[in-house]
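Per chain, numbering begins at 1; letters A, B, ... match sequence-line order.
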Amino acid sequence: MTADATKPTRSDRPDRADRPDRVERYDHLATEPKWQQRWDELGLYKTKLDDTRKAYYLLTMYPYPSGDLHIGHWYIKTPTDAIARFHRMHGENVFLPIGFDAFGLPAENAAIKNKINPRDWTMRNIENMRRQLRSMGATFDWDSEVVTADPEYYKWNQWFFLQFLKAGLAYRQKSPVDWCPNDGTLAREQVEGVERRCWRCGAKVEKRDLEQWYLRVTKYADELLDFSEIQFPDPIRIQQTNWIGRSVGAEIVFETAPSASHAGGEPLRVFTTRPDTLFGATFMVIAPEHPLVGSLTAPEKQAQVEAYIAKAQAQTEIERLSTDREKTGVSIGADAINPVNGERIPIFVADYVLGGYGTGAIMAVPAHDERDYAFARQFNLPIRRVVAAPGDEAAAVDGGAYSAHSDDERLVNSGEYSGLTADEGGRRIVAMLEAQGKGKAAVTYRLRDWLISRQRYWGTPIPIIYCPTHGAVPVPESDLPVRLPDEVDYEGSGVNPLTRDEKFLNVPCPICGEPSKRETDTMDTFMDSSWYWYRYLAPKKQDGPIDLDLMEGWTPVAQYTGGAEHAVMHLLYAREFTKMLRDLGMTQQNEPWRRVFNQGQILGMDGERMSKSRGNVQDPDELVTKYGADTVRLFLMFMGPWDQGGPWSPTGMGGVHRFIQRVWALAMDPTYREPGDPAAGTLPDGQSQEAARAAIRAAAHRTLRDVTADYEAFHFNTMVAKLMELANTLFRYRGSSVAGGPEWDEAIQLLLLMLAPAAPHVTEELWSRRLAARGEAWSSIHTARWPEVDQA
RNA sequence: GGGCGAGUGGCGAAACGGCAGACGCGCCGGCCUUAGGAGCCGGUACCGGCAACGGUGUGAGGGUUCGAGUCCCUCCUCGCCCACCA
């Protein structure tokens, strides 16, 4: 950068003009836009997808255009950009696309509040975010951009849904939602307080059963537990494993006993992980949602049971599963018969059993399960121990459940199975039940099918038409996309406006032409985010969602980076989606990505999540104007380990800024002697010239070795620290007899190359001056090759 | 409640099981300056000492080891996630 007359820098102010020893200082305001424009003109970051070089697909989670792009977005994107540049310098063909996760609830909230169209709100935010993301000098290939609210994108969500439907991977089922009489379905975050009131109108929130669409992802439960083709950080792998929650046990069929109000003989299936404790079952518990509750409940218990079910429905699953909560439940006035010994045991309905897990019913063994124990104590039910260590058989169970079983324990009080080990006894009991058709070995999962229906406007319409004679009819593929109407009137309420939109609603049945109604639910936005990186490869493709040839060459994605808050949901849904694509025959791939890294999250200065409503967002624009994009980039990498995050604090930004100025000074003016340095111009510790030259060379190559390793391991904070150390070392030699010599020159060259991925503008500027000074033709530092370590 | 992480100077943080605190901020001192909220050099874990040096130190308590910030157990505190926020 040459001194610009319109923008005086510190060094060329008039009162400085008489100071010839002053070094020209780096002016980010002039330099950064200049190079950004140059890179754009040269198309430096447009990826040729059909190139033969080694492909490196680097994917960063696309942002939600919330309208408050904050420093946290930069914290995510900046190191990713540095990784891209690092790989380019290794000669790889790097693809780093970007897009926007444009559907979702916040746009609707803003629309209702401010009476604007969600599309306008979203697109305005996207426009601003594009500008901000460009200002950081990131190497995104904008030609590949994807916006999920674009009909050309969501059309393919609909297409995928229809394929899944055909393949039997999608189905419709009733399931409960949180419902407000004024605002319709509510998200969890829209239900406030223990009172469970609507955030918008304060009305009491109810549960309502709606017909909703599911994707059959539980089909992949076992396969999802296999992580051999995907490198996850350990915590993510563990969280997904727990989420899928594979339990091995048995399904056992109890029968209801005859009573005054009931003939009996009705099968009641339970799942248990401990079939060995079947003789210890002293009662049975069914979930409030269990389909047989109504028919089994004795008339005199009816009122009590109904009241209990109503109460249970007002609670969240998290509350229901809380183990330190007092157990509640009511007897339904019916008994079940234990298939192993014919014993009659009472049936209760209790909320600690969930309708959605296992069979929605359990055999309760209070001696060997903590929850059953607590319930038994609460209701004075018998507790019978059936597993014990030798000599311990008679010991009472009163301190709590005794659930551990070790090798020296044997079954007791278990009829002909007494004396066997728990494992052996369990196996034989299951075998016996199986022979009688009263049970079988079984595996259950905590993972549930993916509920994709949302009672919202701002999402992908589910392409179904309900005909009075033909039922749920898929929209023909040729009629896709089912477009969201542009005109939308919320009438100040959260209720999905599609349900009132006559033009949208009324269509003929595709089969018979009779007047029919469109589905008004839209899709979960996790659907959008489950395949967007495939679309990046051919975002304008008209005749299909994905270019399958490019897909084979570029995916699985080499590296995916994003926030740890997505550990289970997005990162699991997307894996499921890829497996479904495979089962549709579109690909052979089993996993969407090869390697995933999770960065930490930048919180506000108050330690809370950054959001406009909390008023704790840090706007990156101010910082860029003040310090320059390079300083902000470097600071974000330097502040701590990338996977850690933490509260935002700009303290220390000045130190990074100073480092950049020092690099500038080293490269621009090696022979300058600092007047404030008593040792300026002398070699440290009375070193000989030869020793000094060797020391410079050793420092540069040692740094290269360490910095290369740090880039590879995403240890950006120590990478910056090591470059600072090298700069400090070089500063000790600045102005001395070795400064400007060949070893010095090599060290400067390495320093610039190593810094280039992290601080692309200042290094490009210094690089261009360096080439000019040598009379060499210009070429971008970002196309230079990463240097080789020479540890001579 | 459950799952997953994290606790190290005044602050952000370093540290293959091997001299704890690299690097940076802040602070203190010096230099250079008409000037300094610029730049440069030096110091800075804590307690004691002018100093050499001595003692104490990685949330608390136990354990493994020749040796533990690091590995194991118990506990405390904080953060993230728990299926309609994305």
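For the C1' atoms, the distance from B:A15 to B:U58 is 11 Å, rounded to whole Å.
Ring pair A:W664/A:Y672: centre-to-centre distance not below 6.0 Å.
Side-chain N/O atoms of A:T718 and A:D710 include a donor and acceptor closer than 3.5 Å. Checking A:R575 against A:Q240 by side-chain atom types alone, a donor-acceptor pair falls below 3.5 Å.
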Open item on the list: With ring-ring contact (aromatic ring centres under 6.0 Å, His included) as the criterion, how do A:F100 and A:Y62 come out once you've worked through the C-alpha distance, each side chain's angles and the decisive distance to 0.1 Å?
Closed with: CA-CA 5 Å; A:F100 294 94; A:Y62 64 171; 8.3 Å; no
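With B:C41, B:A22, B:C84 as the candidates, the nucleotide lying closest to the side chain of A:Q212 is B:C84. Among B:C85, B:A83, B:C41, the nucleotide with an atom closest to any side-chain atom of A:P106 is B:C85. Taking the side chain of A:I238 as heavy atoms from C-beta on, and the options B:C4, B:C40, B:C84, the nearest nucleotide is B:C4. The side chain of A:F731 sits closest to B:C40 out of B:C81, B:C40, B:G3. Of the candidate nucleotides B:C80, B:C84, B:G3, B:G3 has the atom nearest to the side chain of A:Q239.
Checking B:G5 for Watson-Crick or G-U wobble geometry (two distances, each under 3.5 Å) identifies B:C78 as its partner. The pairing partner recorded for B:C40 is B:G30, the criterion being a Watson-Crick or G-U wobble arrangement whose two distances lie under 3.5 angstrom.
Under the 90° criterion around 0 for the glycosidic angle, B:G9 counts as syn.
As judged by a 4.0 angstrom heavy-atom cut-off over every strand, A:H566 is placed among the base-contacting residues. Nucleic acid contact for A:G655: sugar-phosphate only, since backbone atoms but no base atoms lie under 4.0 Å from a heavy atom of the residue.
Below the 3.5 angstrom threshold, one finds a donor paired with an acceptor across the side chain of A:Q455 and the base of B:C84.
Computed from coordinates, the A:E108 CD to B:C84 P distance equals 15 Å when rounded to whole Å.
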